Each structure stands twice: as C-alpha cells, then as structure tokens.
Number of protein chains: 2
Amino acid sequence: MRAGLKRDRVRDFLLDFIADKRPGEAIPSERDLCKELGVSRPTLRAAIDDLVRSGLLVREHGRGTFTGPHRVTQALSATPSGSFYAPPAEGHWQSRILEFGLIPAGPQLATRLQLSPAAPVLRVVRLRIVDDEPMAIERIQLPHALVEGLVPADMESGSFYRLLRERFGVDVRTAVQTIEATVTDETEAELLNVPQHFPALGVERTTRDADGRIVEFVRSMYRGDRYRVTSELYFDADSG
Amino acid sequence: MRAGLKRDRVRDFLLDFIADKRPGEAIPSERDLCKELGVSRPTLRAAIDDLVRSGLLVREHGRGTFTGPHRVTQALSATPSGSFYAPPAEGHWQSRILEFGLIPAGPQLATRLQLSPAAPVLRVVRLRIVDDEPMAIERIQLPHALVEGLVPADMESGSFYRLLRERFGVDVRTAVQTIEATVTDETEAELLNVPQHFPALGVERTTRDADGRIVEFVRSMYRGDRYRVTSELYFDADSG
DNA sequence: CGCGCCAACTGGTTAAGACCACTCTATCTG
DNA sequence: CAGATAGAGTGGTCTTAACCAGTTGGCGCG
C-alpha cells in the first residue's frame, strides 16, 4: 500500500501545500501539478484520491479541487476532554509502565512495522490514568533503532510525540487507525478497575513520520464507559 | 452517481463472483479478468481497489487476490464507495422493517431534530441484513414534513440517501457521529442472532442537508464481530 | 536424493494520451 | 443592455503498454 514512491512524493507535496491554506481554497489544476511534479495524471489523481477519501480535499467537477471543509484533520476526538492522541491537559494524566523491554520483532510485528523479523523492537505496555482513574491500556511497539536511549520514565508523562520529535528527530505525521467493539478479559478488567467482560473500544494504530517510515504500532483498549469517538462526515454524492 | 460505466460493470461482476464464493477463495488473476471483461488493467484495478477498501477482497502480492473475511471494514470518512453503514454493494444487503410509524417528537427528539415537541416524527426501526445475516439495528427518526409519502418498502433496499435526494429533494451533506462500545441486551441479541451481552458498536448520527437542516437522527447498533471503523489521521503539532 | 536457482506466474506502479462532461466567462447578437 | 453561445479550463474515465517486485514450483546440478 505504502509502496509507491512517486505517489508518496506527490502526497507529501500536497499535504505541505494544504497545510499553508485555509479551508476551501483551490489547489492548482491536475494538469499543472503534473508538470510541476513531473508525474503522469493517473499517478497524480491516485494521490489526490487518497486525500479526498480522507476528507482533506474536495473535488468539484468542472471547477477545481479545493482544500476540505475541516482544515486540521482532528478526524476523531474522544470525550471527556481530548482526542485519542491529545489527552487531557498535561499534568492531569499519567501512565503506569507495566512492561518495558526489547523483543525480537518476529513475523507478525515485522510485517506491521516493516522491519526484519530479527530486528529489535521496543515494547511498552502502559496503563493510562486520568485523575487517579485508570482509563486505557496501551501496548506500544516501535523499532528500537528509532528510539535508542529511551527510558521508562520518558513515557510516564508528557507528550510522547513531542519527545520523539525533539529528542529523536522523528516527526509524526500520519496514522491509520481501526476501532472495534470488544470486552475486557480478566487481567484487563482488573487493570481498568471494571468488571470482566466490560464493554471497551479496541484501537489499532499504525503511525508514520514525515518520511513515511513506520514509527509505531499500537494496540489500545479504552474503557467503554469513559470514551466515545466522535467524527464529522462529509458526503459527496450517494450513500446508503 | 457511481461514476464510470465500465468500472461499475466490473464491480458488479466481481460482487456476483464473490457472492458465490466462500471467504478466502481466490479470484481470477487481474490479467485474466481484463480479457474476460474486456477492460484495461487500471480500470479493473480501480474496481478491485474499491472492493479491497470495503474489505470484500484481500490482495496478496505475488500470490493473488482473495475474497475477504466476511467482516465489513468501513472508512469513517465519506468515501465514494459507500456510507458508514451501507456496504458498498447495493443488492447485497436488505432491511427488515421492524417498526414504521408517526410519533410526536417529544422533548428529547425535538431537541435532536430541532423541531417543535408537537411536530410529527417518522420513526423507523430496521434490521440490516447482509447475505442473510443480521448485521445491525437502526433506529431512524426524521421530521415527517421532509418525507411525506414515504412507505416502508422504500427503506427495504436501495440507497435511502439517494431516495431522499431524488424524490424529496433533500441533499444529504454532512453528519456528526459518535461511536461507543456497548453490548447487546436481550432483544438486540435475539435480532442480531448473537449471545446476550455480545460486544457491539453503538452509533449516534445526526445528518444535515446542504441547507443545514437536520434530516435525521439515528441510533444504530452494529455487531462487534462484523464491523470496525477505520480512519486516517493527519497530525499537526504534538500529541500523546 | 536434496538443494538451489530460475522461469512463469501473481499483484504494484507509472507513463502518455485520448475523449467526455461540467462550469465559467467573455464575446457576440438581438 | 440582456440574453444566448462558443470556447477554454476543469475534473472524470478509459486504453495501451511497459517495467518492478514478491511467490511459487519445477528442473537441473551437485
């Protein structure tokens, strides 16, 4: 999926372009962009298609292509007070590190992180706590090469993504995420302080940096009574 | 609506093909399908891409393309290929109407739909069925004034939003949606043919048309083993 | 007999170009 | 001056034709 070189280049170019614009502004015509970027129109259109699907761009036949209605794509947010990624104000939450260590990637993780199966992977399991109440369990896997020198205390508070950027030069840029309904098992229930088989949101997220490298693969479980996901949808033509 | 002619033809062909197969079976190679259907490979691939995005097909580089597990993975943002809850394949799903009638809005719904509490509201409860398997329960409430003359049969198949546009001149444009984890109660479990207290996604959606009028307020429950929500995120600054 | 290599599949990406359909505007005509 | 119209520009679709990159299995060599 991530394979294409040119397509990624075009995509990144467009992302930068969009970042400087206000919602609703036009982007250059497809034919102009082709010339400027030195790619064919199908390639360009494939890249634009991606962004249209994500809601960052909107096409209008005969008129042009425009930056999407919601500018900064905080596509998802969660109650109580923040998004899945920008939790409550710093200082209001903390993490208890349950596990922190190196493991070989193995076949599964190697695929997820696009590494060799023998590559060392840092695995961190942490319990997220807001106002003394456990809210979520996060199981984070990331290529050790990216974060050599990271210690558990680094992940107990503060913004991890900011740490990545400032100390390791990793500029988190995009993520693909799937959410599903699930229930807690015995240990999860205990950690989250809820009954067994309690409703929960299972989230899988793969995060990439500005160069398209995979930064982390995360499996999280959020208490169903404390988190909801809200999103805004924009339709263009038909739907069911 | 659904864009291309050939692409639709290919898509329909593949849907029929998939319908006869069990999950995990291979479909013919892309080059063979091109010959058989008389289309070019990019066109064919575009059609396959749609189905891969919908989760009906799975590609494996160097091996082939296979019918997917019967789990519907939805893109959260509005995509050309379908809305959140309607599997892209028209004709593959149907609805059983469980309830269809007028009720006064009452205080709660009046707020949700921005109507007077005395205004008549059409309430429809339907069971969504894909390939003979119940997948979701939808409880739809909409201002009766918007859809006078609507009959139950209108909501048993086909695109409801298209019907709204073509017959009632209502141009569905945006929706705000919240998703949460929940479990089925007794009657829900029976309708969905799953055990009681089974994981499920609860979804609330408020839909508006191009003029900003509220078109519908929907509460749905999706089987947790058959639905997941996927979304793409773009970061700006920092996060946790 | 076993191992390794290579050929023939598979999907993945890109190119270049043609033509259609829609929208806007500037110009021509009444 | 107002309306109709033609052209230019836009996105929408499709074709032909390459080449790249994994996967598989059979053939030949050791």
Side-chain angles (χ1 to χ4, degrees), chain A residues 1-14 17-18 24-53 55-68 107 110-112 114-117 212 234 236-238, chain B residues 1-14 17-18 21 24-53 55-68 78-81 171 210:
Chain A
M1 232 80 228
R2 190 81 313 228
L5 289 122
K6 294 218 173 180
R7 195 167 128 194
D8 284 354
R9 219 163 46 81
V10 173
R11 177 202 174 86
D12 289 344
F13 175 90
L14 287 171
F17 190 94
I18 293 167
E25 284 193 58
I27 68 171
S29 80
E30 297 185 354
R31 287 165 182 85
D32 286 350
L33 282 171
C34 289
K35 276 180 215 152
E36 183 165 347
L37 296 172
V39 302
S40 69
R41 199 152 154 243
T43 303
L44 180 88
R45 280 182 61 79
I48 291 182
D49 280 345
D50 277 352
L51 299 177
V52 168
R53 258 189 294 276
L56 274 88
L57 293 176
V58 176
R59 289 197 217 260
E60 287 186 40
H61 192 168
R63 302 213 325 122
T65 302
F66 306 86
T67 55
T111 306
R112 299 284 196 174
Q114 291 180 3
L115 294 174
S116 129
Y234 297 85
D236 29 37
D238 62 347
Chain B
M1 333 300 47
R2 279 259 4 100
L5 289 117
K6 295 219 173 180
R7 195 166 130 195
D8 283 353
R9 219 161 47 79
V10 173
R11 178 202 175 84
D12 290 344
F13 175 90
L14 288 170
F17 191 93
I18 293 167
K21 300 289 175 187
E25 284 193 56
I27 69 171
S29 81
E30 297 184 354
R31 286 165 182 85
D32 287 349
L33 282 171
C34 288
K35 275 182 216 152
E36 183 164 346
L37 296 172
V39 302
S40 67
R41 196 140 91 95
T43 303
L44 179 89
R45 281 182 60 81
I48 293 182
D49 281 345
D50 275 353
L51 299 177
V52 168
R53 258 189 295 276
L56 274 83
L57 293 176
V58 177
R59 290 196 217 260
E60 287 186 41
H61 192 168
R63 303 216 320 122
T65 303
F66 306 86
T67 56
T79 72
S81 31
D171 191 12

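The figures that follow rest on heavy atoms only: side chains count, while hydrogens, waters and symmetry mates do not. Below, chain A is the first sequence line, B the second, and so on; all start at residue 1. In this text the structure is predicted, and so the values were computed from the model without any measurement.
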* **Separation of atom CZ in B:R11 from atom C1' in D:dC14, rounded to whole Å** => 18 Å
* Asked: Rounding to a whole Å, what distance do you find between A:L33:CG and D:dG12:P?
  -> 13 Å
* Please state how far atom CG in A:L14 lies from atom C1' in D:dG11, giving the value in whole angstrom units. => 15 Å
* Structure fact -> Atom CG of B:L57 and atom P of C:dG12 are separated, to the nearest Å, by 11 Å
* To do: Quickly work out the A:D32 CG to D:dG11 P distance and round it to whole Å.
  => 9 Å
* Structure fact -> Those residues at least two apart in sequence (or on a different chain) that pass side chain to side chain donor-acceptor pair (under 3.5 Å) with A:E30 are A:R41, A:R45, A:R59
* Using whole Å, report how far CZ of B:R59 lies from P of C:dG11. => 8 Å
* **5'-most by nearest nucleotide on DNA chain D - A:T65 or B:E60** => A:T65
* Kindly write out the residues that satisfy side-chain contact (heavy atoms from CB on, under 4.5 Å) with A:A110, not counting sequence neighbours, or none if the list is empty. => A:A105, A:P117
* Would you give the length of the straight line joining atom CG of A:L14 to atom OG1 of A:T67, rounded to the nearest 0.5 angstrom? => 11.5 Å
* **Set of residues satisfying side chain to side chain donor-acceptor pair (under 3.5 Å) with respect to B:T65, sequence neighbours excluded** => none
* Return the residues of residues 34-44 of chain B meeting this criterion: a heavy atom under 4.0 Å from some atom of DNA chain C. Order them by number, or give none. => B:R41
* **Whole-Å distance separating the CG atom of A:L51 from the P atom of D:dG11** => 14 Å
* To do: Tell me, please, which residues at least two apart from B:S40 pass side chain to side chain donor-acceptor pair (under 3.5 Å).
  => B:T43
* To do: Output all residues satisfying side chain to side chain donor-acceptor pair (under 3.5 Å) with B:R31, sequence neighbours left out; order by chain, then residue number.
  => none
Write out a two-atom table: protein N or O, nucleotide N or O from nucleotides 20-22 of chain D, distance below 3.5 Å.
unit_1, atom_1, unit_2, atom_2, d
D:dA21, N3, B:H61, NE2, 2.9
D:dG22, N2, B:G62, O, 3.3

* Asked: Rounded to the nearest 0.5 Å, how far does CD1 of A:I27 lie from CZ of A:F17?
  -> 7.0 Å
* **For B:A46 against B:R7, the heavy-atom pair lying closest together** => CB-CD, 3.9 Å
* **Atom pair CG/CD1 of B:L57 and B:I18 - distance to nearest 0.5 Å** => 4.0 Å
* Figure out the CD/C1' separation between B:E30 and D:dA17, and round it to whole Å. => 15 Å
* A:R45 side chain near D:dG12 phosphate (N/O to OP1/OP2, under 4.0 Å) -> yes
